[in-house]
Structures are given as C-alpha cells and as structure tokens.
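Below, chain A is the first sequence line, B the second, and so on; all start at residue 1.
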Protein chains: 2
Amino acid sequence: MTKNFDHHKIDEIIHSRIRLSIMAALATVDVMDFLTLLDEVNTTKGNLSVHLSKLEENGYIVTEKKFVKKKTLTLCKITPEGITAFHEYLNMVEEFARKAATGKDSNQ
Amino acid sequence: MTKNFDHHKIDEIIHSRIRLSIMAALATVDVMDFLTLLDEVNTTKGNLSVHLSKLEENGYIVTEKKFVKKKTLTLCKITPEGITAFHEYLNMVEEFARKAATGKDSNQ
DNA sequence: AATTTTGGTTTATATTTTAAACCGGTTTAA
DNA sequence: TTAAACCGGTTTAAAATATAAACCAAAATT
C-alpha cells in the first residue's frame, strides 16, 4: 500500500513546465529550430536557451548551430535517450493518474 | 500549428513533484493523515508541511488538526476544486503526450 | 555610416525547494 | 521526578532553480 506516490519516480530533468513543453514539442518532429520552439513553448529567449542547455547537458537533446543565409540557426533534436526518458516520464504520470483514479477508500 | 506546447497550460501549483504526488495520493481517498502521506510521497516532514500549506492556500486541499490519544493528528483532504484542478492538470499532460505522439514530420 | 533587427547567451534577481533546526507536548527509563 | 528520547509536526535559512532584462556579434535597413 505504501510509497504509491513516491515523488522520486518523476524525472526531475523533464519535470519543469518549460522543459516538458520542449520535450513534447521535439517529440513531434525530426528537428525544430530555436525560434519555432520559442513560439511553440511560448517563453522568452533567455529561458529557452537555459533550458535547452540543461536538456542537452543531460543528453536528452542535441543542438546544432548552422549558418543559413548568413544567419545563425540553432537546430534542436531529441535524442533516443531523450525519447525513452520522455516516455518513461509520461508512463509515471499515467501511473499516478491511474492509481489516483482507482482509490477512494477512506483510510481513517 | 503554433503554441501547441505553451507551458502556461500546465497548472504551476500542482506541477511540482511533491505536490503532484500529494494530489494523486489524496485523490485516492476520502482523508489521509500527515504521516501516511509522508510515507506515500516519501519526503521529509518539513517539505510535506510546506507543500501542504501551499496547496491549502490555493484551495486545493483542506487540513484539520485533531487530538487522538493526546497526540496531534493532521488530516488532509482534497477539495472539489482540487479534484477539478488535478483532472485538468492530467488532461493537459495527456494533451501534450497525444500531440507529441502524433507528430514526427520534419519542419526543416 | 548610423540605427535597428536578428538570433541567440549571460547574468543578476526573484522564486521555489529543501532539509536542518526548532517546538510544545508525551512517553520511557532511571 | 526528572531528564532523556520521541512524536508530530512548523519555521527558517540555505541551496537550487527559473525568469527575464541586459547584453552581444553579425546582418539588414535607413
């Protein structure tokens, strides 16, 4: 009965509103550029930059900087490990949701 | 196409590993006491106390302090608003998951 | 050739999280 | 008895995290 909802089961790297949004957005495509992601996630450039760095440090995404028409273009791509971690994250949330849905016996 | 993954869609009160765990645990029962919750969520007393306060300030739970056998007993109960918010939270995560699952066209 | 815009990064501040220290009371051991 | 240890929490001070303003180099516009 105990430890059904241990908070350590939730991946803290993915579990941040912005990073969850980033991971979900990147899961939909092969690659997405910085500015498209900025619009999808609806945050500031500074925030996006910081959170992309954190995801990259943890191997969940990779970024590539290119020049296109003399302008910088940052491409973001989810890694296989990132996809796995994202799915595990969703599975844990679903597990919490499922356990929450089944209960409703009083314990007092 | 745009703003599919707006991070503002995620309820920031619920979206904390510990508070999500608390809400999921309280959704399973009528009431749960502090120490049972402490065990389910697997955190420290200080953390649980702080996060319960935050949930209570936002009307998502209520607490009641009683004495049983000369000892204090804190009972925690999710409110109807808390249940609604919790379900909306889960729906948003599911929406992200569903949109993430359907994509996989390159945008570059 | 100065100004503005673009595509970001750095960084200082604000917010949140964490757990150690504390607290009033109770039980146990001496 | 009494003092040491325990119980059920709360407070708070420090650490970690998130945020957006300020910044930057290069390109475009005036």
To the nearest Å, how far apart are [X] [atom1] and [N] [atom2]?
X: A:Glu64; N: C:dG7; atom1: CD; atom2: P; answer: 17 Å
X: A:Asp11; N: D:dT17; atom1: CG; atom2: P; answer: 13 Å
X: B:Leu38; N: D:dC7; atom1: CG; atom2: P; answer: 13 Å
X: A:Lys71; N: C:dT4; atom1: NZ; atom2: C1'; answer: 11 Å
X: B:Glu57; N: D:dT10; atom1: CD; atom2: P; answer: 12 Å
X: A:Leu20; N: D:dA18; atom1: CG; atom2: C1'; answer: 15 Å
X: A:Lys70; N: D:dT29; atom1: NZ; atom2: P; answer: 12 Å
X: B:Leu35; N: D:dG9; atom1: CG; atom2: C1'; answer: 8 Å

inquiry  = Donor-acceptor check, side chain of B:Glu40 to backbone of A:Lys3, threshold 3.5 angstrom: yes or no?
reply    = yes
inquiry  = Test your reading of the model: is there a side-chain donor-acceptor pair from B:Thr79 to the backbone of B:Tyr60, 3.5 Å cut-off?
reply    = yes
key: Short side-chain N/O contact from A:Lys65 to OP1 or OP2 of C:dT9, under 4.0 Å   = yes
query = Between B:Ser53 and A:Phe67, who's closer to the 5' end of DNA chain D by nearest nucleotide?
reply = B:Ser53
message = Considering every strand and a 4.0 Å limit on heavy-atom distances, what is the contact class for A:Thr72: base, sugar-phosphate, or nothing?
response = sugar-phosphate
task = Answer with base, sugar-phosphate or nothing: what part of the nucleic acid does B:Leu48 contact at a heavy-atom distance below 4.0 Å?
result = nothing
task = State, to 0.1 Å, how close B:Leu20 and A:Phe96 come at their nearest heavy-atom pair, and which atoms those are.
result = CG-CD2, 4.3 Å
inquiry  = Taking pairing as Watson-Crick or G-U wobble with both contacts under 3.5 Å, can you name the mate of D:dA4, or confirm there isn't one?
reply    = C:dT27
Nucleotide nearest A:Ser49 (side chain, heavy atoms from C-beta), chosen from C:dT10, C:dG7, D:dG9 = C:dT10
key: Those residues that, when tested against B:Lys9, pass salt bridge (charged side-chain N to carboxylate O under 4.0 Å, His left out) (two or more places apart)   = B:Glu95
ask   = Does B:Lys66 have any salt bridge (charged side-chain N to carboxylate O under 4.0 Å, His left out) partners at least two apart in sequence or in another chain, and if so, which?
value = none
Full working for salt bridge (charged side-chain N to carboxylate O under 4.0 Å, His left out) between A:Glu12 and B:Arg17 = CA-CA 8 Å; A:Glu12 67 181 342; B:Arg17 277 151 71 233; 3.6 Å; yes
query = Linking I/L/V/M/F/W/Y whenever any side-chain heavy atoms sit under 4.5 Å apart, do A:Val41 and A:Val50 land together?
reply = no
Enumerate all atom pairs, one protein N or O and one N or O from nucleotides 14-22 of chain C, separated by less than 3.5 Å.
| from | atom 1 | to | atom 2 | distance (Å) |
| --- | --- | --- | --- | --- |
| C:dT17 | OP2 | B:Arg19 | NH1 | 2.8 |
| C:dA19 | OP2 | B:Asn47 | ND2 | 3.2 |

